[in-house]
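Working notes for the structure below.
All chains are named by letter (A, B, ...) in the order of the sequence lines, taking the proteins before the strands, and each is independently numbered beginning at 1.
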There are 2 protein chains.
Amino acid sequence: MHPEAPPGGTATPPAAPTFSPLYQQIKALITQGLEAGEWRPGEMIPSENELAARYKVSQGTVRKAIDELAAEHLLVRRQGKGTFVATHTEPRAQFRFLRLMPDEGEQAYPESQIVDCRRMRAPAEIARNLDLKPGDPVVVVRRVLAFAGRPCVLDELWLPGALFRGLTAERLTESRAPLYSMFESEFGIKMVRAEEKIRAVAADAEAARMLRVAPGTPLLSVDRLTYTYADRPVEVRRGLYLTTAHHYRNAVS
Amino acid sequence: MHPEAPPGGTATPPAAPTFSPLYQQIKALITQGLEAGEWRPGEMIPSENELAARYKVSQGTVRKAIDELAAEHLLVRRQGKGTFVATHTEPRAQFRFLRLMPDEGEQAYPESQIVDCRRMRAPAEIARNLDLKPGDPVVVVRRVLAFAGRPCVLDELWLPGALFRGLTAERLTESRAPLYSMFESEFGIKMVRAEEKIRAVAADAEAARMLRVAPGTPLLSVDRLTYTYADRPVEVRRGLYLTTAHHYRNAVS
DNA sequence: TAGTGGTCTAGACCACATG
DNA sequence: ATGTGGTCTAGACCACTAT
């Protein structure tokens, strides 16, 4: 497909100066396929040659589109096998969104305990962040994460109700998988990237009780806004991390 | 140059199975040039065609090498002009290593006040992080950063003495430029990436005094190890951030 | 007008995985 | 043996910048 005049071709130049490179258009088409669920997480997408034939472009152009999607972790290339929709369960992505590391030893998944899961109407600020209208249905989840029996994280999540129908405390408790893996397999929502604001705060009475520390203990406050495909925000999260034996790891690059 | 047997050629296959793609070898050669100071920050490197001729490879191979170096922020491409060695002073990189943001309003550079700058012998832990031997000369810098007159950051830096000869409190105070810009222009050390460990801690008496808060106030503790070209560590930094009107911004991608 | 990076194509061969 | 992604080449034209 040549959705716009091909730069290298002999077609008449377009009247409007609204250009985007062919590979960007291909990239957008693939992203739309991901968003629409045409290929689910873990599945293989068509081969480069097949996509090139389908879109009537050269293999190199498809390659460049896929290269960028792989760099953004939406796709995973595997030589000799194919290109696959990225998954939260594969090792490479395992700890991409779990940034709390033990000061000593290997990173591992914590035990999760659901404290609360209820549906309610979105407060103004949550609605604004999730691109909803105030009063739209949302799901609130509160939980405690523990490493080796030691509670270290107090989490509060806000999710669009429309996307998470049937999400209950029971299902959350039954599922042994990490949250994002479960969201991906059960609700078809794949988290792609997030923006975070990090602060140091003092534990209030409730946080102190849940994390079994003295009130006033310094905690890491992490405000996260998480996006799925096409930069759609789908989760607001407020986390309180106890950083006496753990730290938040970050790479500035 | 064909440093190894060219994959596409008809040369005899190499005896040893020690391969790396041509473009990776070109990338390494360019990185060596950057490390050796062949092209200084802000300068233009040779054009793609020139490099292709020099190394006896196709332009596309040089392009792929430069693409990766640009993605890693070592180089900056400018259409129609050339490819340049990245600089800390250009807008795009301005706030890459300064992650403290005001909760409201635009990000800006803080005023810096040098508290201390002295040369000493490296303690064991600093030496280990900087790839030095214990006792090797290091420079320690302590400073306070203030936003709009409000002290918000207490910083302690450890630098290899051999790379920062002539670094004094006077030169630090005179220089109005951001620290990394000054390191780059004055000492030829370009910071490329960093790894950080973030925790919430309580302000001790000294930190409380310097930041003008009550002792015990929660502060963000940021332990940073900063690398220059070729993954050489060149700075250990411990920062204490006051996050009442600011936050540490982070993108998980 | 000339030189730079940016895009696109077509074709070749290599390395890896599977049947 | 076949199909996949990975690398490399050669050449074309476009868009931008400077002179």
Side-chain angles (χ1 to χ4, degrees), chain A residues 1-14 16-28 30 39 43-71 75-86, chain B residues 1-14 16-28 30 39 43-71 75-86:
Chain A
M1 168 193 331
H2 284 269
E4 302 174 7
T10 50
T12 56
T18 55
F19 264 117
S20 86
L22 247 189
Y23 77 90
Q24 289 283 6
Q25 301 174 41
I26 304 300
K27 187 181 165 187
I30 297 174
W39 315 292
E43 286 179 13
M44 183 177 143
I45 71 168
S47 75
E48 294 178 353
N49 281 323
E50 199 174 326
L51 289 171
R54 177 188 305 186
Y55 297 137
K56 300 268 196 2
V57 300
S58 78
Q59 192 210 11
T61 299
V62 170
R63 166 169 292 274
K64 178 141 188 177
I66 292 180
D67 276 347
E68 292 204 350
L69 291 170
L75 298 176
V76 176
R77 320 191 73 140
R78 291 197 200 125
Q79 190 178 70
K81 296 168 93 170
T83 301
F84 299 78
V85 182
Chain B
M1 166 195 333
H2 283 270
E4 303 173 9
T10 51
T12 57
T18 54
F19 264 117
S20 87
L22 247 189
Y23 77 90
Q24 289 283 6
Q25 301 173 43
I26 305 300
K27 188 181 165 186
I30 297 175
W39 316 291
E43 287 179 13
M44 182 178 144
I45 71 169
S47 75
E48 294 179 353
N49 281 324
E50 200 175 326
L51 289 172
R54 176 187 305 187
Y55 296 137
K56 300 269 199 357
V57 299
S58 78
Q59 192 209 10
T61 300
V62 170
R63 166 170 292 274
K64 177 142 188 176
I66 292 180
D67 276 347
E68 292 204 352
L69 291 170
L75 298 176
V76 176
R77 320 191 73 140
R78 291 198 202 124
Q79 188 178 72
K81 296 168 93 171
T83 300
F84 299 78
V85 182

Report yes if a side-chain nitrogen or oxygen of B:Lys64 is closer than 4.0 Å to either non-bridging phosphate oxygen (OP1 or OP2) of D:dT7; otherwise report no.
-> yes
Please determine, for the side chain of A:Leu22, which listed nucleotide (C:dG6, C:dT9, D:dC8) has the closest atom?
-> C:dT9
So which heavy atom on A:Lys81 is nearest to which on A:Met44, and how close?
-> O-SD, 3.6 Å
Starting at NZ of A:Lys56 and ending at C1' of C:dT9, how long is that distance when rounded to a whole Å?
-> 16 Å
Less than 3.5 Å between a donor and an acceptor, one on the side chain of B:Arg63 and one on the base of C:dG6, is that the case here?
-> yes
For the pair made of CG in B:Asn49 and C1' in D:dT9, what is the distance, rounded to whole Å?
-> 14 Å
Report the distance from atom CD of B:Glu48 to atom P of D:dG11, rounded to the nearest whole Å.
-> 17 Å
Taking atom P of C:dG3 as reference, at what distance in whole Å does atom CD of B:Gln59 sit?
-> 14 Å
Is there side-chain contact between A:Arg77 and A:Arg63, with at least one heavy-atom pair below 4.5 Å?
-> yes
Between A:Ser47 and D:dT4, is there a side-chain N or O to OP1/OP2 distance below 4.0 Å?
-> yes
For B:Tyr23 and D:dG6, give me the distance from atom OH to atom P, rounded to whole Å.
-> 9 Å
Name all residues meeting the side-chain hydrogen bond (donor to acceptor under 3.5 Å, both in side chains) criterion together with B:Asn49; count only those two or more places apart in sequence or in a different chain, and write none if there are none.
-> none
Whole-Å gap separating P (C:dC8) and NZ (A:Lys27) | 13 Å
Could you give the CD-to-C1' distance, from B:Gln24 to D:dG6, as a whole number of Å?
-> 12 Å
Look at A:Thr61 and C:dT7 and indicate whether a side-chain polar atom (N or O) is within less than 4.0 Å of OP1 or OP2.
-> no
Interface residues of residues 75-84 of chain A with DNA chain D (non-hydrogen, below 4.0 angstrom) = A:Arg77, A:Arg78, A:Gln79, A:Gly80, A:Lys81, A:Gly82, A:Thr83
Check: B:Asp67 and B:Tyr23 side chains under 4.5 Å, non-hydrogen atoms = no
What are the two closest heavy atoms between B:Ile66 and B:Glu48, and how far apart are they?
-> CD1-CG, 4.1 Å
Of the non-hydrogen atoms in A:Gln25 and A:Ser20, which two are nearest, and what is the gap between them?
-> NE2-O, 2.7 Å
Rounded to whole angstroms, how far apart are CG on B:Leu51 and C1' on C:dG3?
-> 15 Å
Which atom names give the shortest non-hydrogen contact between A:Trp39 and A:Ile30, and what distance separates them?
-> CZ3-O, 3.6 Å
